[in-house]
Colleague: 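This is the structure I have questions about; it appears just below.
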Number of protein chains: 2
Amino acid sequence: MSQEKSTEEQIIAAAKKIFLQKGLAGARMQDIADEAGINKALLHYYYRSKDKLFDIVFDEAFDKVISRLSTIISTNMSLPDRIRSIVRGYIEGLAENPHLPLFILNELQQDPELLIRKFKAKPNFPNLQLFLMEIARAGEQGTIRKISPIQLMINILSLCVFPFAARPLLKGVVGMDDVQFRLLTEERKELVADFILKAIEP
Amino acid sequence: MSQEKSTEEQIIAAAKKIFLQKGLAGARMQDIADEAGINKALLHYYYRSKDKLFDIVFDEAFDKVISRLSTIISTNMSLPDRIRSIVRGYIEGLAENPHLPLFILNELQQDPELLIRKFKAKPNFPNLQLFLMEIARAGEQGTIRKISPIQLMINILSLCVFPFAARPLLKGVVGMDDVQFRLLTEERKELVADFILKAIEP
DNA sequence: CTTTGCATTAACCAAATGGTTAAACTTTAT
DNA sequence: ATAAAGTTTAACCATTTGGTTAATGCAAAG
């Protein structure tokens, strides 16, 4: 292990790894210290408590998930191109952090407060509203089939996110190894976009 | 609380509720005992250890998930009708146990062994193979668009399962309450089937 | 009624776990 | 060089937690 990063950064990196893998309840402070290669007391020296450390990791993870979505969503493209961009970008982003979906969904279920706190800081996702309205408009104009905007959004999200959450299942049931999963994911960047666009074609 | 069930059944019911809600790492034996309204020692008297109790709960949960899928999958219908049945039945089943998806996915990631053990008992999901082959055949015959059978299966599963896993997110981000969620779910029984069938139309 | 065997409980135990502390070590400033 | 400030560690502490036990309750069999 190279020792280039500062202790604080080492701790955050280790905490990310352990928390994302085991969740808040399953993670042990000792695990994080071991992963970082430091004494357990340093975790408290720099970050006070397990909860404080977790909050930082969760916030960062959550930001990573929505910031990417946010930027893609607010580009100036036709709806089909936009959807293609969203799918491609989202799958790409998750491929770099495959543990993110299950981690966030799970911790959110354990403690919905995490979200509330989050949305008091950042305004309530303004670009999402615009996106939903555009879907509604496209439906009216006949550019795409009429479909409840929220339902379509859920469909897009489902198709992008679920495979990462279900990775262990795919591994176990159809014996999919890491390489196959990588290929499957790669193929999905276009396949899912095609699938959605065909489904909402007028 | 009515006291009709035997102690063993009470324990299993309580364990299900707590484990499904908090997961293996987050659940406390005391929580389960309290939920069942009995002394903690009884848990060990009847089921030996936390792990043993968890195994029973997990196995039952997993069976519920795949048995329903299994029976629907092996009916004699046209592929479109079959897909419609799968979607409808699956969403309906999950609506009765909304915690199931996140629970299973999460515990599976914590310990992939759970699956291995499971597939040593039951033969490796024979009807699934048939279903995949039928998708391939329908693709060749032009009944549906050509699509990788596994990808299509993942798409179907994604659209059915993900909303249940993302429930806290929907609650937090678009302020969806229980009633709205119920309606959304109900609508999805047909909407998702339409969506998929339109997407794979030749 | 009493004995026998199962069910149930309160009290207890040992290990794990989040957190603290005092001392040692390192770096920086004077 | 030395003092001061910040960093790191081993040892320790209090609480939580899974698990055990010995005693009590209780129903059915004798």
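A, B, ... follow the sequence lines: proteins, then strands. Residue 1 opens every chain.
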Colleague: If you count heavy atoms of other groups shown closer than 6.0 angstrom to CE of A:M77, is the number above 12?
Modeller: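 Yes, CE of A:M77 has more than 12 neighbouring heavy atoms, counting only those of other groups under 6.0 Å.
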Colleague: Can you list the steps and then say if A:E9 with A:S6 is a side chain to side chain donor-acceptor pair (under 3.5 Å)?
Modeller: CA-CA 5 Å; A:E9 288 171 316; A:S6 76; 3.3 Å; yes
Colleague: Would you mind reading off the distance between B:L43 atom CG and D:dG18 atom P, rounded to a whole angstrom?
Modeller: 10 Å
Colleague: So, does B:Y45 get its side chain near the phosphate of D:dG19, meaning an N or O under 4.0 Å from OP1 or OP2?
Modeller: no
Colleague: How does each nucleotide of nucleotides 13-25 of chain C score, in 5' to 3' order, for protein heavy atoms under 4.0 Å: base (B), sugar-phosphate only (S), or none (-)?
Modeller: ----SBBBB----
Colleague: Round to the nearest Å and state the distance from B:I38 atom CD1 to C:dT9 atom C1'.
Modeller: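 For the pair B:I38 CD1 and C:dT9 C1', the rounded distance is 11 Å.
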Colleague: Give one of base, sugar-phosphate or nothing for B:Y47, where a contact means two heavy atoms less than 4.0 Å apart.
Modeller: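 No contact.
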Colleague: Kindly give the heavy-atom pair with the smallest separation between A:Q30 and A:K40, and that separation in Å.
Modeller: OE1-CD, 3.4 Å
Colleague: Ring centres of A:F103 and A:F19 under 6.0 Å apart?
Modeller: no
Colleague: Could you measure the distance from the OG1 atom of A:T71 to the CG atom of A:N127? Nearest 0.5 Å is fine.
Modeller: 9.0 Å
Colleague: Among residues 52-62 of chain B, which residues get a heavy atom nearer than 4.0 Å to DNA chain D?
Modeller: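 Residues of residues 52-62 of chain B under 4.0 Å from DNA chain D: none.
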Colleague: Could you label the plane-to-plane angle of the B:F164 and B:F181 rings as parallel, tilted or perpendicular, counting under 30° as parallel and over 60° as perpendicular?
Modeller: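 Ring orientation, 0 to 90° scale: perpendicular.
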Colleague: Rounded to the nearest angstrom, tell me the gap between atom CG in B:L42 and atom P in C:dC6.
Modeller: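 Computing the B:L42:CG to C:dC6:P distance gives 15 Å.
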Colleague: Looking at B:K189, I want to see if its NZ is surrounded by more than 12 non-hydrogen atoms of other residues, nucleotides or ligands under 6.0 Å.
Modeller: yes
Colleague: Spell out, as yes or no, whether a donor-acceptor pair under 3.5 Å connects the side chain of B:Q151 to the backbone of A:L191.
Modeller: no
